[in-house]
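To keep things clear, I will list the structure first and then write my remarks on it.
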Amino acid sequence: MGGCVALNFSCDQAVKQTCSCLFGNGNYIHMMKANLKALETAMQKLEERRDDLLIRVSIEEDKGLERLAQVEGWLSRVASIDSQVSDLLKVKPTEIKKLCIFGYFSKKCISSCKYGKDVWKKLEEVKELLSEGVFEELAGKRPGPKVGKKHIQTTIGLDSMVGKAWNSIMKPERRTLGIYGMGGVGKTTLLASINNKFIEEVNEFNVVIWVVVSKDLKYDGIQNQILGRLRVDREWENETEEDKAFSIDKILGKKKFIVLLDDMWSEVDLDKIGIPRPTKENGSKIVFTTRSKEVCRYMKADDELKINCLSRNEAWELFQNVVGEYPLKQHPDIPTLAKKISEKCYGLPLALNVIGKAMSCKDDVHEWRHATDVLSSHEFPGMEEKILSILKFSYDGLEDEKVKSCFLYCSLFPEDYEIKKEELIEYWINEGFINGKRDEDGSNNQGHVIIGLLVRAHLLMECEKEFTPAVKMHDVLREMALWVESTFGKEEEKHCVKTGVKLSLIPKDINWSVLRRISLMSNRIVQTSYCPQCPNLSTLFLGDNKLEGISGEFFQFMPALVVLDLSHNRDLSELPKEICRLTSLKYLNLSYTCISSLSVGLKELRKLISLDLEFTRLESIDGIGTSLPNLQVLKLFHSSVLIDASSVEELQVLEHLKILTGNVIDALMLESIQRVERVASCVQRLWIINMSAEVVTLNMVALGGLRKLDIELSEILEIKIEWKTKEKEDLLCNNSPCFKHLSSIDIFGLDGSKELTWLLFAPNLKHLEVKSSESLEEIINKEKGTHISNVHPDMMVPFQKLESLTLRGLDELKRICSNPLTLPSLKKIVVEHCRKLPNAATESFRERHEQE
């Protein structure tokens, strides 16, 4: 009986469920076809709304905003239901076949009823999502570091000044603070200390922005620095000054900000920049440094703070710190002599640092006596000349005249100009200051030794420009160099430097006939329209102007010209045939111009050693091999020249070639280049563009000197690394193979590749940017990475020297690496539009970056 009862119950339930499906409110079987069609239509509308929303969100995120949590949640739910609906629609044909009697019944009622009910439920959920997917606001402020930390040296006597400045800034009634004092007194160091105090102290400011102004006042450059802090996108780079000002005003108008303006020489128009005027209501502040008290008045500072030189005791303390204990203990007389020397620095921190560094390696009392005599022998009436004469002592301490020439040469560049080390060395080689001997990778050891010597002497400061090692001069040391050259320089070595002074014409007061070097960089010169007589001129810098053309007569009488820099004249499209008269020319820089062909005259410059045509419109180098037989450096990176078979033939003719940068579109041609060992070994920068191939091979022996690699708009399934060549099969048998010089990689629009595990072979990588590569699922693949690290154990941990990481527009990216990464050197990280990348994958890097 128990079995019969159970059977009756089961049958009753089945009949009841079937009747409900057929005749109840749901009517799931009969409505199945209609509901499926409605579901497909609703899902299509939902996908269209999602796509439209993603475009709008992308625009907002490009402005530096972050999508709202409710938007992210809605998109996540859409992604989830998209998958569920897809599963339902996959079995649609099978379920439709089960229907019978005009769709009112099914051959398998219970399963069809369940399927019909699932379709109806999903249709309701899709309709609900459609109704929810209307947002007035899509994105909000991106939480980021409100202040970037500045690295400063140990200071003496500055704490009280920092306290005074901080108290002034924190007073509600104060809006603008002007800090003034002579050059080298420590204004920048004080401003950096104030900047860092915003990290240490609790405050109500939303953002702290550091801006270097300099003597060469360029509003566009100031705007770029500010927008670089406020916006993550780079669209503003091509905007007009007015548009940039509008953007800055709009963003800062919503914030309580403080702008720190360093090294102002004249009044700055805040309205022209776009900085809203600080008021008591908005609570924002402006703090600036200047040498001139008048600038404080022009800027209407409601508080002024003068920085004086250090007291005698403070100066002595700083000098001892810089010199170190050891030299001072080598003779009883040295401390007394050292005190006299520190007093001759007049309490100026820059002088104390520079002279102290010069004396730190001297432990013979006679050297200290000599230094005291030298510093006491020059007496000048004005403080400025006194300071310059003291700083000159460090310059005089450079024993080699060639090293002195190298130092003075740096003053030809504009104030605060960052000079890439390799470019500076290239100038020195062509000027004849140092020999042109190069290593296999194209570097010049002597040049790097001199740079190191000048840095250790505090005459140059190390920095980075575009992730490349660079140096720059303190503005006071630059003044000293210009003063030394004009006052003590040999008559035949005279310079004329007029950089960044807004010249629209070449000045007529230049005495071309006696000058050796002329620098007119960073001006607004449009034309050269006369014929200067220049029998002694060896160097002419006309870069970063607005040159549209150069008259043929301009080059007519420059027989001794060795270095000519015309770079960054973006409207310069051709050179006159008379350039052939520059028979002594060894260095020619035409980068970032519109030059599209090599003129007949240019091909007659047979002494030319270095030719830079990067970022030009040049399409062909035909004839260059026979015309310019002495070329050692040929730069074509991001020009319109695509290396082909004829280009390789031309390059092989250049017997002295040491450095080559270029572009390639064909995978077979890339392999062909790598087989020509003498050419491939010269390649330092390579642009792979519009390449389509299943496999692209990069050989680490052939491309051993590679420093920068760009891969753009290419379809490559796999990038394969090799480390053997027929000529050098066993070269790397004892060492782990790698691209030891490769420090920068930019990838944009790479399709086909699902991972970039080959990056493990670039252990010294500092900069990595990967954008708009839709197929990419991971950066380092676990299996491939394990295989590589098993063979080469020292490649187990990737990106140990990486300083900058950008991942943008990578829709399929799920992970960077299977194992947690430390990235100990990371300074900058940008991750955007990577929907499938968990926040946890980059959270630790972001937190450390924000803290720093």
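We use all heavy atoms of the structure for the numbers below, so side chains are in, but hydrogens, waters and symmetry mates are not. What you see is a predicted model; the values in this text were computed from it and never measured.
With hydrogens and angles ignored, the 3.5 Å screen pairs no side-chain donor or acceptor of T757 with any backbone N or O of K784. Side chain of S640 to main chain of E619: no donor-acceptor pair is present (N/O by atom type, distance under 3.5 Å, no hydrogens or angles). Proximity of a side-chain donor or acceptor of R581 to a complementary backbone N or O of E553 within less than 3.5 Å is not detected. Put simply, the side chain of S599 gets close to the backbone of L602: a donor and an acceptor are under 3.5 Å apart. Between the side chain of N523 and the backbone N or O of L503, at least one donor-acceptor pair lies under 3.5 Å. Side-chain atoms of E803 never come within 3.5 Å of backbone atoms of K766 as a donor-acceptor pair (strictly under, hydrogens ignored). Remark: side-chain polar atoms of D644 are paired, donor with acceptor, to backbone N or O of S646 under 3.5 angstrom. Judged purely by atom type and a 3.5 angstrom limit, Q674 uses its side chain to pair as donor or acceptor with the backbone of L670. Looking only at distances, no side-chain donor or acceptor of N764 sits under 3.5 Å from a matching main-chain atom of L802. Under a 3.5 Å cut-off, the side chain of S714 and the backbone N or O of E712 do form a donor-acceptor pair.
By the neighbour-count criterion of 12 heavy atoms within 6.0 Å, atom NZ of K420 is densely surrounded, having more than that number from other residues, nucleotides or ligands. No more than 12 heavy atoms of other residues, nucleotides or ligands lie within 6.0 Å of NZ in K754, so this atom counts as exposed by the packing criterion. Within a 6.0 Å sphere centred on CD of Q800, other residues, nucleotides and ligands contribute more than 12 heavy atoms. Shown here is K498, whose NZ atom has no more than 12 heavy atoms of other residues, nucleotides or ligands within 6.0 Å. For K635, the NZ atom sits in a packed shell: over 12 heavy atoms of surrounding residues, nucleotides or ligands are nearer than 6.0 Å. Counting heavy-atom neighbours within 6.0 Å of E548 CD, excluding the residue itself, gives a total above 12. In this structure, H448 places its NE2 atom where more than 12 heavy-atom neighbours from other residues, nucleotides or ligands lie under 6.0 Å away.
Separation of atoms CG (L575) and CG (L582) is listed at 9.5 Å; rounding is to 0.5 Å. Here the CD1 atom belonging to I721 is positioned 4.5 Å from the CG atom belonging to L698, to the nearest 0.5 angstrom. The line from CD1 of I550 to CG of L542 is 7.0 Å long, rounded to the nearest 0.5 Å. To the nearest 0.5 angstrom, L572 atom CG is 4.5 Å from I595 atom CD1. Atom CD of E604 sits about 4.5 Å away from atom SG of C580, to the nearest 0.5 Å.
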Let me see the working for S744 and K708 under side chain to side chain donor-acceptor pair (under 3.5 Å), right down to the final yes or no. CA-CA 5 Å; S744 177; K708 178 170 176 57; 3.2 Å; yes
Side chain to side chain donor-acceptor pair (under 3.5 Å) for D565 and Y427? Distances and angles first, verdict last. CA-CA 10 Å; D565 190 335; Y427 284 117; 2.5 Å; yes
Kindly indicate, with the supporting measurements, whether the criterion side chain to side chain contact (heavy atoms under 4.5 Å, CB included) is fulfilled by L608 and L611. CA-CA 7 Å; L608 205 62; L611 179 59; 4.1 Å; yes
Test log, rule side chain to side chain contact (heavy atoms under 4.5 Å, CB included), inputs R707 and E422: CA-CA 12 Å; R707 301 182 181 196; E422 293 295 339; 3.3 Å; yes
Given L709 and I688, is the side chain to side chain contact (heavy atoms under 4.5 Å, CB included) satisfied, shown in steps? CA-CA 8 Å; L709 175 64; I688 294 174; 4.1 Å; yes
D710 and L686: CA distance, side-chain angles, deciding distance, side chain to side chain contact (heavy atoms under 4.5 Å, CB included) verdict: CA-CA 6 Å; D710 286 5; L686 181 64; over 6 Å; no
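A donor-acceptor contact closer than 3.5 angstrom links the side chains of S538 and R516. With no hydrogens or angles considered, a side-chain donor-acceptor pair links D746 and H767 at under 3.5 Å. Between the side chains of T539 and E431, at least one donor N or O lies within less than 3.5 Å of an accepting N or O.
A salt bridge does not link R524 with D544: every distance from a Lys NZ or Arg NE/NH1/NH2 to an Asp or Glu carboxylate oxygen is 4.0 Å or more. Residues E485 and K494 are not paired through a salt bridge, judged by the lack of any N-O separation under 4.0 Å between the basic side chain and the carboxylate. Looking at K404 and E401, a side-chain N of the basic residue comes within less than 4.0 Å of a carboxylate O on the acidic one, giving a salt bridge.
By the 4.5 Å heavy-atom criterion applied to side chains, Y587 and V562 are not counted as neighbours. Counting only heavy atoms from C-beta outward, the side chains of V648 and I673 approach each other to under 4.5 Å. In this structure the side chain of I719 reaches within 4.5 angstrom of the side chain of I716, judged on heavy atoms. Between E415 and R478 there is a side-chain heavy-atom pair separated by less than 4.5 Å. Side-chain contact between I747 and S773 is present, with heavy atoms from C-beta onward closer than 4.5 Å. Between I510 and L520, the closest side-chain pair of non-hydrogen atoms falls below 4.5 Å. Annotation: side chain of F557 is not in contact with side chain of W512 (no heavy-atom distance under 4.5 Å).
Note that K472 lies outside the cation-pi zone of Y417, set by a 6.0 Å cut-off to the ring centre and a 45° limit from the axis.
Ring geometry for F554 against Y530 counts as perpendicular: the plane angle is over 60°, on a 0 to 90° scale with 30° as the lower cut.
Under the salt bridge (charged side-chain N to carboxylate O under 4.0 Å, His left out) criterion, E769 pairs with K771, not counting sequence neighbours. Partners of T626 by side-chain hydrogen bond (donor to acceptor under 3.5 Å, both in side chains), not counting sequence neighbours: none found.
Residues L654 and L628 approach most closely at CD2-O, 3.2 Å, considering heavy atoms. Of all heavy-atom pairs spanning L515 and C496, the tightest one is CD1-CB, 3.5 Å. Nearest heavy-atom pair, I525 versus N545, reported as atom, atom and distance to 0.1 Å: N-OD1, 3.1 Å. Scanning all heavy atoms of the two residues, the minimum distance from S647 to L642 falls at OG-O, 3.9 Å. For the pair M461 and M473, the tightest heavy-atom approach, listed with the atom from each and the gap, is CE-C, 3.9 Å. For the residue pair K437 and N444, the shortest heavy atom distance occurs at O-ND2, 2.8 Å.
For F739 and F761, the distance between ring centers is not under 6.0 angstrom. Between F433 and F407, the ring centre distance reaches or exceeds 6.0 Å.
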Show every donor-acceptor pair shorter than 3.5 Å between a side-chain atom in residues 659-669 and any protein atom, with sequence neighbours excluded, or say none if there are none.
unit_1: T661; atom_1: OG1; unit_2: E614; atom_2: OE2; d: 2.8
unit_1: T661; atom_1: OG1; unit_2: L636; atom_2: N; d: 2.9
unit_1: T661; atom_1: OG1; unit_2: F637; atom_2: N; d: 3.1
unit_1: N663; atom_1: OD1; unit_2: H638; atom_2: N; d: 2.8
unit_1: N663; atom_1: ND2; unit_2: L636; atom_2: O; d: 2.9
unit_1: N663; atom_1: ND2; unit_2: S639; atom_2: O; d: 3.4
unit_1: N663; atom_1: ND2; unit_2: S639; atom_2: OG; d: 3.4
unit_1: N663; atom_1: ND2; unit_2: V641; atom_2: O; d: 2.8
unit_1: D666; atom_1: OD2; unit_2: L668; atom_2: N; d: 3.0
unit_1: D666; atom_1: OD2; unit_2: M669; atom_2: N; d: 2.8

